[in-house]
Amino acid sequence: MGSSTVIVVGAGQAGCQVASSLREEGFTGRIVLVGAEAHLPYQRPPLSKGHLTGKTSRDALWLRPESWFGEQGIEVRTSTRAKHLDTDGRRVLLQDGEALEYDDLVLATGARNRLLRLEGAGLEGVLSLRTLDEADEVKVRLEQAARVVVVGGGFIGMEVAATAVQLGKNATVVEVADQLMGRVLSSHTAAFLLQAHRARGLDVELTTTVSRIVGVAGRVAAVDTTDGRRLPADLVLVGVGASPNVELAEQAGLEVDNGIVVDELLRTSAPHVYAVGDCVCAPNPFAGGTRVRLESVQNATAQGRRLAATLTGRPEPFSSVPWFWSDQADIKLQIAGLTTGHTEVAVRGDVSSERFSVYCFSQGRLLGVESVNRPADHMAARRLLSGSTSLSPQDVRRDDFDIKRASTAGSTPAAP
């Protein structure tokens, strides 16, 4: 362990976690963290919320202070792209021509926002938000804008839209689906979010498709929809999903399918090459063992920790309970498990008071729990899902049901 070299391509949450966890596991060899951005590794979740409002300071964004990397002996190459991967020779060629040799390579290349491919998408004032630089630009333009249109009702879109309303802007969300956050939420929780956001002053247009973005003198002025409406806009935020960064893996001939394909130990199809984070499509026991690609801080950090243990001699299949969260104004949405494909729900709590949890089942099996402003339920749900549970919809509907008690009956604590 002391004389080997681990190269990590990608300096986001997953890549930084691999590097830090390797040191925590006692790895004393060389670690090089290669990042395309000019910044040190930082947190992404605050970018669409606290960073835009100014409640989160810039210093609070960094995952680790610069001095920490030096103290840990971790080489960080910022503003550096890996352009070629030679798996036979175990070398990574950087954009400046330098070749880094590795004993083990970790791909943590993340994902990038999908673009709108329609007229006007390149106008000034049409932005996306994923990186710190993009968030800085959105923040400046949001301060100047009076009318904001958000294209896409997913995590980022709803967080930015809710933030815009908090800042006193006239904001509209345009979503092509018939519910908000349709890829991750039950219709019950999505219906609540729709009502709650409209009550707070956000205009939400469902089943609505953008036909073009209209500009004046090169700057965005409005969004046209296919049903003939024109929505005035000083700022358009595009949040229509993300695509994994797999180009380096494809160039090296690695297996790719909705991300870099890995096994339960996070190994790619090439020896000594691993992958973690948003770029990865991995088998997941909470998806029935099928491969899924998850975009979340929890997945990135849990995979990073698990891989570091594997690289230092403690291989175990990755099996962490997936969980997600989204802060939308004063609404805290938390999801434990993967609820896609559920066929039945049971609701606990009071929807009218905006404190409730939706338990999602398929054929009587609990898939996950969506909690609104009930963080204790969320923590208990993670414990519940991490163990063996025979919880049924009928159990949840019982007057004396207590998720905390259920989660401690024969289950083990959920991973952080």
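Start at 1 with the first residue, then count along the sequence.
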Considering only heavy atoms from C-beta outward, does the side chain of [X] approach that of [Y] to under 4.5 Å?
X	Y	value
Glu37	Tyr42	yes
Leu266	Thr310	no
Gln251	Leu85	yes
Val106	Leu311	yes
Pro41	Leu33	yes
Phe318	Val262	no
Pro322	Asn284	yes
Leu116	Val126	no

Take Thr109 and Ile260 through the test side-chain contact (heavy atoms from CB on, under 4.5 Å) and record every step on the way to the result.
CA-CA 10 Å; Thr109 48; Ile260 303 170; 4.2 Å; yes
Nearest non-hydrogen partners of [X] and [Y], listed with the distance:
X	Y	result
Ile331	Leu193	CG2-CD2, 4.0 Å
Val396	Tyr359	CG1-CD1, 3.6 Å
Phe324	Leu294	CZ-CD2, 4.2 Å
Ala249	Val256	CB-CG2, 4.2 Å
Lys49	Asp327	CD-O, 3.0 Å
Val280	Ala275	CG2-C, 3.2 Å

Can you check whether [Y]'s main-chain N or O pairs, donor with acceptor, with [X]'s side chain at less than 3.5 Å?
X	Y	value
Ser128	Asn113	no
Glu175	Met181	no
Tyr274	Leu307	no
Arg30	Glu75	no
Asp178	Thr207	no
Arg198	Val204	yes
Thr339	Val184	yes
Gln334	Trp323	no
Arg114	Ala242	yes
Ser48	Ile156	no

Are His39 and Thr78 close enough, and set up right, to give a side-chain contact (heavy atoms from CB on, under 4.5 Å), and what steps lead you there?
CA-CA 6 Å; His39 311 287; Thr78 57; over 6 Å; no
If you round to the nearest 0.5 Å, how far is [atom2] of [Y] from [atom1] of [X]?
X	Y	atom1	atom2	value
Leu142	Leu235	CG	CG	6.0 Å
Arg130	Asp278	CZ	CG	5.0 Å
Leu254	Thr87	CG	OG1	6.5 Å
Cys16	Ile74	SG	CD1	7.0 Å
Arg348	Asp377	CZ	CG	9.0 Å
Leu47	Thr163	CG	OG1	11.0 Å

His188: which residues meet the side chain to side chain donor-acceptor pair (under 3.5 Å) condition with it, sequence neighbours left out?
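His188 satisfies side chain to side chain donor-acceptor pair (under 3.5 Å) with no other residue.
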Salt bridge or not for Arg397 and Glu344, using N-O below 4.0 Å?
yes
Using 4.0 Å as the upper bound for N to carboxylate O, is an ion pair formed by Glu295 and Arg44?
no
Let's go through Leu180 and Leu185 carefully: what are the C-alpha distance in whole Å and the side-chain angles of both, what is the deciding distance for side-chain contact (heavy atoms from CB on, under 4.5 Å) to 0.1 Å, and is it a yes or a no?
CA-CA 8 Å; Leu180 295 173; Leu185 278 189; 6.0 Å; no
Can you tell me which residue pairs pass the salt bridge (charged side-chain N to carboxylate O under 4.0 Å, His left out) test with a partner in residues 180-189, sequence neighbours excluded?
none
Which pairs count as side-chain hydrogen bond (donor to acceptor under 3.5 Å, both in side chains) when at least one residue sits in residues 56-73, sequence neighbours excluded?
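As it turns out, the side-chain hydrogen bond (donor to acceptor under 3.5 Å, both in side chains) pairs with a partner in residues 56-73, which skip direct neighbours, are Arg58-Asp136.
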Any pair with a residue in residues 8-19 that passes side-chain hydrogen bond (donor to acceptor under 3.5 Å, both in side chains), sequence neighbours left out, goes on the list, sorted by first then second residue, please.
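Sorted result for residues 8-19: Gln17-Ser21.
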Give a yes-or-no answer on whether the side chains of [X] and [Y] include a donor-acceptor pair shorter than 3.5 Å.
X	Y	answer
Glu255	Ser269	no
Glu370	Ser186	yes
Ser326	Glu159	yes

From the list Thr226, Thr225, Asp224, side-chain hydrogen bond (donor to acceptor under 3.5 Å, both in side chains) with Arg212 holds only for Asp224
Only pairs under 3.5 Å count here: list side-chain donor-acceptor contacts from residues 143-154, not counting sequence neighbours, and write none if there are none.
| unit_1 | atom_1 | unit_2 | atom_2 | d |
| --- | --- | --- | --- | --- |
| Arg147 | NH2 | Asp234 | OD1 | 3.1 |

Go through the steps for Arg90 and Asp103 under the test side-chain contact (heavy atoms from CB on, under 4.5 Å), then give the verdict.
CA-CA 7 Å; Arg90 294 201 204 177; Asp103 293 285; 4.3 Å; yes
Scan Arg374, Lys332, Arg200 and name whichever one has a salt bridge (charged side-chain N to carboxylate O under 4.0 Å, His left out) with Glu354.
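In the set Arg374, Lys332, Arg200, the residue that makes a salt bridge (charged side-chain N to carboxylate O under 4.0 Å, His left out) with Glu354 is Arg200.
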Are Arg81 and Glu247 close enough, and set up right, to give a salt bridge (Lys or Arg N to Asp or Glu O under 4.0 Å), and what steps lead you there?
CA-CA 12 Å; Arg81 291 187 180 275; Glu247 290 75 14; over 6 Å; no
Who are the side chain to side chain contact (heavy atoms under 4.5 Å, CB included) partners of Arg91, not counting sequence neighbours?
Asp86, Ala99, Glu101
